[in-house]
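Note that the structure is predicted; figures quoted are calculated from it, not measured.
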Amino acid sequence: MESNELPQMDPRVLKATSVKAEDPAAQSPEPQALKITAASSNPKMFTLPWEKPLATWPEDLLANLPRGISRHVVRFVHVGDEVYAMKEITRNVAEREYELLRRLQKLELPTVQPIAVVTGRHNVAGEPLEAILVTKHLKFSLPYRALFARNLRPDTAERLIDALAVLMVRLHLAGFYWGDVSLSNVLFLRDADAFSAFLVDAETGDLQVNLTEGQREYDVDLARTNIIGELMDLSSGSLLPHDVDEIEIGNRLVDRYHSLWSALTDTDKFGPDEMWKIEKRVNKLNELGFDVDELEMKTAEDGKRVLVRPRVVDAGYANRKLLRLTGLDVQENQARRLLNDLDAYRASTWRDGEELEIVATDWMREVFEPTVRMIPREYRSQIEPAQFFHEVLDHRWFLAEKAGHDVPMAEAVKSYVENVLPQYKLDSKDVDALNAEADSGVIDDEYTYGTDEDGYNPDDDPDAAVWSH
């Protein structure tokens, strides 16, 4: 193969950011002045107390949201009308992760959105502080431990694993080697009856043109090991249903990953009279939520069969269709459910011959919007409108089956709000307990050892050196 025929990095990632992380071995000096490199022009960023360790930031700035277990200090911070996640890490790691997240965002992959990297921090005494990576809080998302703190379905673990398998395949298709796959490094959004997974920690990742099979299999094997351990930890805390087999769930990830990878990348062989199977293959990929950009077709060596391999663009087939019709930007399974309801509305109003775009406008005005306006104010930060609509449809079907006749939408919403919605709410005690557990995994966080008020100084403790430095 000629050098100019070698696969090239996607041009979208080459100029994704001006931040280029340095080699950690270079040991270049920290900036002497505060420097904020931001992908967002939020002026409130400059008013934050960057001169203080993140663990000591004032409570009035913090958002009381559940955090996942992390090796570093993490806080959710109100910045104007936005909520940002702040992670305190070394400069090289912060710059590298910011750079990676920017590139993954350009590839439209499911990750948290990078906002800024803050370097050159110093306290009031002029001593250097670690850098901070700033990402946008993924609204309505939860870490896996927070999901198990709620009264969810017994198959929650399996649905999380399925979502993680899809995320891994999407990242691997794009050439992203994760290097530290676990439930702790993912945020989950409810997506109709399933979940969608988003990468939240890319510290150990690397974006390449293509991954080798060995790199992919390392990620898969590490994921299995980590997931089994995390689920066993949940089980020891009585958060996992007693009938869940942790090893079986870990094996499920491996099976689901390989099944999906095969469906997306295998080359099929068709005879001249079997070309209809190509459309069947494309339809199957669409059902999995993936768009097909083009088909690579060539004749086999025997000249009697055609080799066909699809070029998968990305997930989001139903999402993009719904976005085009209604302007709603939702998760893939939510989009599929809403499109089904739109089709039912079209049939029930005898409008099959009308343009779908016109029918969709009426469906939004007459069905979707009146329903989601009924979400109680105290739950509007707890559940996405599309998820609310999906769950109301499920609840309405349940009520109709029980009553033996159709149930008005308004009645179904009222019943759902009263009887089902409260189970999704995490109270402040639950959040505090989850965050205390999350902070227990932080390493080298000397600012949580004690305060001046209790008279403790780690420098005076002969045992402190064992665990503080």
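- With salt bridges taken as basic N to acidic carboxylate O contacts below 4.0 Å, none links E369 and R365.
- A donor-acceptor pair under 3.5 Å is absent between the side-chain atoms of N185 and the main chain of V200, judged by distance alone.
- Listed for the R346 side chain is a donor-acceptor partner under 3.5 Å among the backbone atoms of D352.
- Look at R145 and D233 and you find a salt bridge, because one of the NZ, NE, NH1 or NH2 atoms lies within 4.0 Å of a carboxylate O, short of that distance.
- The aromatic rings of H137 and F76 sit perpendicular to each other, their planes meeting at more than 60°, with 30° as the lower class boundary.
- Using a distance-only test at 3.5 Å, with no hydrogens or angles considered, no donor-acceptor pair links the side chain of Q105 to the main chain of P114.
- In summary, E384 and R190 do not engage in a salt bridge, as defined by a charged side-chain N under 4.0 Å from a carboxylate O.
- Across all non-hydrogen atoms, the minimal contact from P66 to L142 is CG-CD2, 3.5 Å.
- Aromatic ring orientation, H172 versus W261: perpendicular (interplanar angle above 60°, classes split at 30° and 60°).
- In this structure, N319 contributes its side chain and Q331 its backbone to no donor-acceptor pair below 3.5 Å.
- With 3.5 Å as the limit, one finds a donor-acceptor pair spanning the side chains of E391 and Y416.
- Between R159 and D193 there is no salt bridge, since none of the side-chain N atoms of the basic residue sits less than 4.0 Å from a carboxylate O of the acidic one.
- Just one residue in the list N435, I132, L54 forms a side chain to side chain contact (heavy atoms under 4.5 Å, CB included) with R75, and that residue is L54.
- Interatomic distance, CZ of R216 versus CG of L171, reported as 13.0 Å (0.5 Å rounding).
- Using a cut-off of 4.0 Å between Lys/Arg side-chain N and Asp/Glu carboxylate O, R336 and E332 are scored as salt-bridged.
- Nearest heavy-atom pair, Y345 versus T349, reported as atom, atom and distance to 0.1 Å: O-OG1, 2.7 Å.
- Between the S262 side chain and the S259 main chain, no donor and acceptor come within less than 3.5 Å of each other.
- A salt bridge links D394 with R337; the closest basic N to acidic carboxylate O contact falls under 4.0 Å.
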After noting the C-alpha distance and the side-chain angles of I249 and L253, does the key distance pass the side-chain contact (heavy atoms from CB on, under 4.5 Å) rule? CA-CA 7 Å; I249 295 296; L253 173 80; over 6 Å; no
